[in-house]
Amino acid sequence: MKLMTGTIIENSRVTDEVFKIRLRMAQPFEFSPGQFINIKVSEWDAPLLRRPISISRRMDARTIELLVKEQGAGTRQMRFFKTGTPVDFIGPLGRGFNISGFKKEAPLLILGGGIGTAPLKGLSRDLANRGYTRVYVVNGFKDHPYGKEDFECYEYVEIDESKENRFVTDHVSASLNETDFQGVFACGPTPMLKRVREIFKDRGISVQLSLEEKMACGVGACLGCAVKIKTGPFDHAYKKVCVDGPVFEASEVIFE
Amino acid sequence: MKLMTGTIIENSRVTDEVFKIRLRMAQPFEFSPGQFINIKVSEWDAPLLRRPISISRRMDARTIELLVKEQGAGTRQMRFFKTGTPVDFIGPLGRGFNISGFKKEAPLLILGGGIGTAPLKGLSRDLANRGYTRVYVVNGFKDHPYGKEDFECYEYVEIDESKENRFVTDHVSASLNETDFQGVFACGPTPMLKRVREIFKDRGISVQLSLEEKMACGVGACLGCAVKIKTGPFDHAYKKVCVDGPVFEASEVIFE
Amino acid sequence: MNPLQVNLGGLILKNPVTVASGTFGFGREYGEFFDLSLLGGIAVKGLTLKERSGNPPPRIVETRGGMINSVGLQNPGVEAFIKEEIPFLRRFDTRIIVNINGDEPEDYARMAMALQEADIDSIEVNISCPNVKSGGMLFGTDPEVAYRVVRQVVENTRHHVMVKLTPNVTDIRVIARAVEEAGAKAISLVNTFNAMAIDIQTQKPVLVRKTGGLSGPAIKPIALRLVYETYSAVKIPILGMGGITGAQDALEFMLAGASAIALGTYNFVDPLAAVKTLEGIEAYRKEKGLENLSDLVGKAHR
Amino acid sequence: MNPLQVNLGGLILKNPVTVASGTFGFGREYGEFFDLSLLGGIAVKGLTLKERSGNPPPRIVETRGGMINSVGLQNPGVEAFIKEEIPFLRRFDTRIIVNINGDEPEDYARMAMALQEADIDSIEVNISCPNVKSGGMLFGTDPEVAYRVVRQVVENTRHHVMVKLTPNVTDIRVIARAVEEAGAKAISLVNTFNAMAIDIQTQKPVLVRKTGGLSGPAIKPIALRLVYETYSAVKIPILGMGGITGAQDALEFMLAGASAIALGTYNFVDPLAAVKTLEGIEAYRKEKGLENLSDLVGKAHR
Ligand SMILES: Cc1cc2nc3c(=O)[nH]c(=O)nc-3n(C[C@H](O)[C@H](O)[C@H](O)COP(=O)(O)OP(=O)(O)OC[C@H]3O[C@@H](n4cnc5c(N)ncnc54)[C@H](O)[C@@H]3O)c2cc1C
Ligand SMILES: Cc1cc2nc3c(=O)[nH]c(=O)nc-3n(C[C@H](O)[C@H](O)[C@H](O)COP(=O)(O)OP(=O)(O)OC[C@H]3O[C@@H](n4cnc5c(N)ncnc54)[C@H](O)[C@@H]3O)c2cc1C
Ligand SMILES: Cc1cc2nc3c(=O)[nH]c(=O)nc-3n(C[C@H](O)[C@H](O)[C@H](O)COP(=O)(O)O)c2cc1C
Ligand SMILES: Cc1cc2nc3c(=O)[nH]c(=O)nc-3n(C[C@H](O)[C@H](O)[C@H](O)COP(=O)(O)O)c2cc1C
Ligand code: FES
Ligand code: FES
């Protein structure tokens, strides 16, 4: 976790709403998949707060890629970030996916929804690099799927919800033998995450969900990004998405 | 007075702090020298309020030039206005210099200080176009004079205060026969305007000063840009720089 | 029926979008940008019995997301207003809301009487101006004084009476109830927040009167809370304002409990802001399938 | 002597730049960005007697130039703080300011007693938190309750006592005088402004507890005015805060009457903001040829 500067070397359109930004740092930049950075989007403090964006994947030792969806003022400003200009960010932040402890040949499942597919790109590559050979990826999009080419995996399924009338989790239940999987990694809208947790409940496997919450500091100081997490059979506490997460074990997450 | 859009066709550096912007409108744009426009500098409302900038001169029927000095957030943003992008402004605003009623061969004096020379460029050209042949221009700059080439006049004197240790008004007193002048037009810092008024007091000629005051609306609605103006031998009132000015007769201005 | 119509305690506005006193002059300036008949109402610049010259410059300080003003009720006086401005405003199909001010409690009743025969639609009793030496805001921070001022106006006018409250109080509900009891037909809020800026070069307050009134988007979250609280405290309707920039803000105020809203500072930023706000509200109404926009009012309480 | 040193009613800070409670955790996070010994002081996250889990999410809404928070005093409780956080903070050459909170007036005295033996430099009595059900801000709006709470703390502690005031009052001077009389050695202000946001899609308040506290640059002009007013009302020194983003803001607060200042929300925007503020203040001091920075304090009143 450091205050850093990266130079924008690319900012290009992926779909109508989604764009990708490549940032090059002066020094090698270490991170693990699922971590994010907290970006200052406006020199003029409009908006005031930084915006958390996952590191989608690594391009080289000094270069990372972000995938951003335009939502409001902050992401709209990012859309207009100019190539060659510097960006001030804090990172890498948070605890990413935990990919230790799986057998190399164990079937692993990655589930993404929309812009939630961003950090999963890097995850799929990391898993591949570490020799995991049976990684299944299922990504769902409301419309206009994107990003397939950036994943590295055993099987890649893409769902265009506008055409197929089914969700990522429907595909899992219908077409995959879910009992096989030794680990599940998911990032996407909350309803999707809820259903992922349902499907794999009580299987005794690691189901890791990447959560989102509004952030102010991004570093653990403000307690703004609280999510309810089980801390015991009858206990729970508010944990911070920014430092305790964004990735949490599904069994611990309390959706309200 | 209209809400307008102009396209930036040039934004170039004049000195370290001063830059010029050329704006092209879709339609012919009418104004008179001394009028200004109120520019929206930030799409993100940071700063919130528009910034008043004089129209420096006309390039062609649809194109005007602004001369801007970086002062704070607003003008800094203007500095980064990109060629090809649209700018939202209200204009033309205010009452400019009154150049009727002088004899064509009457000596007229234009006095400018620093960025206050901006509207005087257009004024000098307008006077020339209308056949005034004896227009004297004296412009003073703290440092690094600029803009000489844009004036059209009988005599042009440029004072670099950093080297010459004298002001515009010193030159007038010392080197010009001030009793000759039939009209004086001045724009610059308040101390300069005060001295201009002193010098030409009780001469019975028109001495026109262009004043500045902080503005909110720029159109006369907020009463924010008040300056004290004599309304009779013993009376005064707060007038609006934005609609009653920015140019006022020196004899009416009450400096506090 | 007109689905945008709102009832502000007997004052029927054809739509909820009005403009705030002091930010729209007497309508002439912005009338050059759009047809004033589009507005639900226009609150004119604050008036006093006699002409006032206002405060010395500078009168404006810009702040983050807002501005501090110290205009100080510069106005031509109520008589000149009646003669010169009403005929102009009456050319438009919109409500004329007359913002009245006084140095002493009795001035308000005098103003009301001066306006008795005038062709106006509402009197907005401004007991919340921070920019004058006496009166103004002071009346709006004490429930008993507020009651007295409003009562006297109500007793001396045939017009609709609205009262404009200051946000500079511990509990807005107490003041709101006092003016309701005094017979106000509606409440408008908020006026500006007492605020200040200091010039670190001169080491003095920027404004001659030291403090001024903060307005603009910066204050919206506080203004919205005050409208929300007021709604739960009184039965009379609310004209909500404070930092509104467009339809989204306006709808938040309506959901919080405002029957109508006013744009103030943002008119300066975008002369068409009020018109765009109206369009955005209408689009939202259609999207949500609301037959009457006024069904939204106070919905965030449920 | 150290030209930046300031005296906050017996609490000597080596420089006037501190960080505000709730915006700096217990220092650990921002300690990764700079040496905490650079700071004049650190006000830790608000503590309560027992551990608290805080309010349900969402806890943050961004607004123009500011943010509304509804954290609700999530904290590990005073005992855990003493055991786990003080040893960490003591490694730095900076003042430890402990922000204490209670549900009932007596809780504050209990907190003071719990901290009696702790190695801290000041107790900041927070009678101004808008984000808890009982207590908090309510104590800070009533001068008599404020007096009682502060008195009980003063009587039960050997530590320096500072009182943090809420801006949500009609007249800050009344409250300030009450806590001065009660024996407070300094006053800190402002805490956040009660504020609100509404989601126009769900048509409900965004925050579960409906309102939260507004902070950030948006509130600066009001906070500055409150510091200015307080300075003229009491003799005890002021720790000023509310929207400070850098040296210019900080100097305005000092000129208005703050002996020291705190950065809150802006730490989130720029983790180095406090350090930069200090640098900017020092540059100004030199430029103005001030031997003691504290000569600036309150200068805008003269
Ligand atoms: C750990 C983490 C990683 C993220 N990674 C990415 C990413 O890789 N790519 C990407 O496009 N987006 C990502 N997001 C979401 C992104 O931060 C928000 O979309 C962005 O902050 C919205 O800012 P805005 O100013 O554009 O929109 P706003 O005007 O602030 O809000 C627009 C909408 O987005 C929602 N929103 C705002 N802030 C957040 C937030 N922090 N988390 C969730 N929703 C929010 C609002 O509720 C609103 O509905 C991530 C969020 C988190 C917490
Ligand atoms: C009628 C008129 C015509 C003008 N024409 C020009 C022009 O042609 N070129 C040009 O560079 N500038 C011109 N100005 C001045 C210009 O408007 C200000 O420099 C600008 O608004 C400063 O904005 P900012 O955000 O950069 O600085 P801010 O941060 O707002 O302020 C920086 C400094 O500028 C001063 N300032 C701010 N606003 C004004 C204002 N409206 N008038 C005077 N001083 C102000 C402040 O007091 C401060 O000292 C004109 C002003 C007026 C009133
Ligand atoms: C320049 C200016 C002048 C104002 N004058 C008055 C006034 O005369 N009477 C009044 O009741 N309110 C006056 N106000 C307050 C506004 O009517 C409004 O209540 C306040 O600005 C909050 O709304 P806003 O944030 O949308 O501007 C004035 C505000 C501004 C900015
Ligand atoms: C997220 C957050 C949490 C806060 N928690 C506390 C707290 O526990 N105790 C307290 O006295 N003030 C708390 N505050 C208020 C700040 O200490 C400060 O008074 C206020 O934010 C104004 O300063 P600013 O505008 O610089 O942030 C909190 C503020 C924020 C933004
Ligand atoms: S965003 Fe501040 S603690 Fe997580
Ligand atoms: S700037 Fe509003 S009246 Fe001149």
Side-chain angles (χ1 to χ4, degrees), chain C residues 61 63-68 130 140-142 166-171 175 193-206 210-214 216-229 243 245 247-256 284 288 296 299-302, chain D residues 61 63-68 130 140-142 166-171 175 193-206 210-214 216-229 243 245 247-256 284 288 296 299-302:
Chain C
V61 191
T63 67
R64 291 278 182 114
M67 59 177 273
I68 311 176
T141 57
D142 180 331
T166 171
N168 301 294
V169 293
T170 308
D171 190 347
I175 311 285
F193 288 76
N194 264 342
M196 185 169 199
I198 292 174
D199 183 328
I200 65 167
Q201 295 312 327
T202 64
Q203 306 187 331
K204 299 250 162 297
V206 176
K210 296 182 175 93
T211 62
L214 182 69
I219 67 168
K220 192 206 94 178
I222 318 180
L224 187 68
R225 185 261 303 174
L226 287 161
V227 166
Y228 186 87
E229 281 180 4
T245 64
Q248 154 128 16
D249 295 331
L251 290 162
E252 287 191 56
F253 274 84
M254 296 191 73
L255 291 162
Y284 179 91
K288 298 284 171 205
L296 277 187
K299 224 176 155 191
H301 290 261
R302 275 163 257 163
Chain D
V61 191
T63 67
R64 291 280 180 112
M67 59 177 273
I68 312 176
T141 57
D142 180 332
T166 171
N168 301 294
V169 293
T170 307
D171 190 347
I175 312 286
F193 288 76
N194 264 341
M196 185 168 200
I198 291 172
D199 183 328
I200 66 166
Q201 295 311 326
T202 64
Q203 305 186 333
K204 299 249 161 297
V206 176
K210 296 183 173 95
T211 61
L214 182 68
I219 65 169
K220 194 205 92 177
I222 317 179
L224 188 68
R225 185 263 301 176
L226 287 161
V227 166
Y228 186 87
E229 281 181 3
T245 65
Q248 154 127 17
D249 295 331
L251 290 162
E252 286 189 58
F253 274 85
M254 295 190 74
L255 291 162
Y284 179 90
K288 297 285 170 205
L296 277 186
K299 225 174 153 191
H301 290 261
R302 275 163 258 162

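Computed over heavy atoms, backbone and side chain alike; hydrogens, waters and symmetry mates excluded. Below, chain A is the first sequence line, B the second, and so on; all start at residue 1.
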In terms of heavy-atom pairs under 4.5 Å with chain D, which of [options] leads?
options                        : result
C/P221, C/A300, C/A223         : C/P221
C/K204, C/E252, C/M254, C/H301 : C/E252
C/Q203, C/K220, C/Q248         : C/Q203

Kindly indicate, with the supporting measurements, whether the criterion side chain to side chain contact (heavy atoms under 4.5 Å, CB included) is fulfilled by C/E229 and D/T211. CA-CA 10 Å; C/E229 281 180 4; D/T211 61; 5.5 Å; no
Option in D/K288, D/R64, D/R302 with maximal non-hydrogen atom pairs under 4.5 Å from chain C: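 Option with the top pair count is D/R64.
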Given the options D/A197, D/G65, D/G216, which has more heavy-atom pairs under 4.5 Å with chain C than any of the others?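 Maximum pair count with chain C is reached by D/A197.
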So, applying side-chain contact (heavy atoms from CB on, under 4.5 Å) with C/R225, which one of D/I198, D/I68, D/N194 is it?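 The side-chain contact (heavy atoms from CB on, under 4.5 Å) with C/R225 is passed solely by D/N194 among D/I198, D/I68, D/N194.
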Could you tell me which portion of [X] (side chain, backbone, both or neither) has an atom closer than 4.5 angstrom to a non-hydrogen atom of chain D?
X      : answer
C/T202 : neither
C/Y284 : side chain
C/L226 : neither

Looking at C/K210, I'd like to know if its NZ atom is crowded, meaning that more than 12 non-hydrogen atoms belonging to other residues, nucleotides or ligands lie closer than 6.0 Å.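 Open: at most 12 neighbouring heavy atoms sit under 6.0 Å from NZ of C/K210.
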So for D/L224, is it side chain, backbone, both, or neither that comes closer than 4.5 Å to the heavy atoms of chain C?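 Backbone plus side chain of D/L224, per the 4.5 Å heavy-atom cut-off to chain C.
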Just how far is it from atom [atom1] of [X] to atom [atom2] of [Y], taken to the nearest 0.5 Å?
X      : Y      : atom1 : atom2 : value
D/I219 : C/L214 : CD1   : CG    : 10.5 Å
C/I200 : D/K299 : CD1   : NZ    : 12.5 Å
D/L251 : C/D199 : CG    : CG    : 11.5 Å

Over all heavy atoms of both residues, which pair between D/I222 and C/A195 is shortest? Give the atoms and the distance, please.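 Taking every non-hydrogen atom into account, N-CB, 4.0 Å.
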With a 3.5 Å cut-off and no angle check, do the side chains of D/T170 and C/T170 form a donor-acceptor pair?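 Yes, C/T170 and D/T170 have a side-chain donor paired with an acceptor closer than 3.5 Å.
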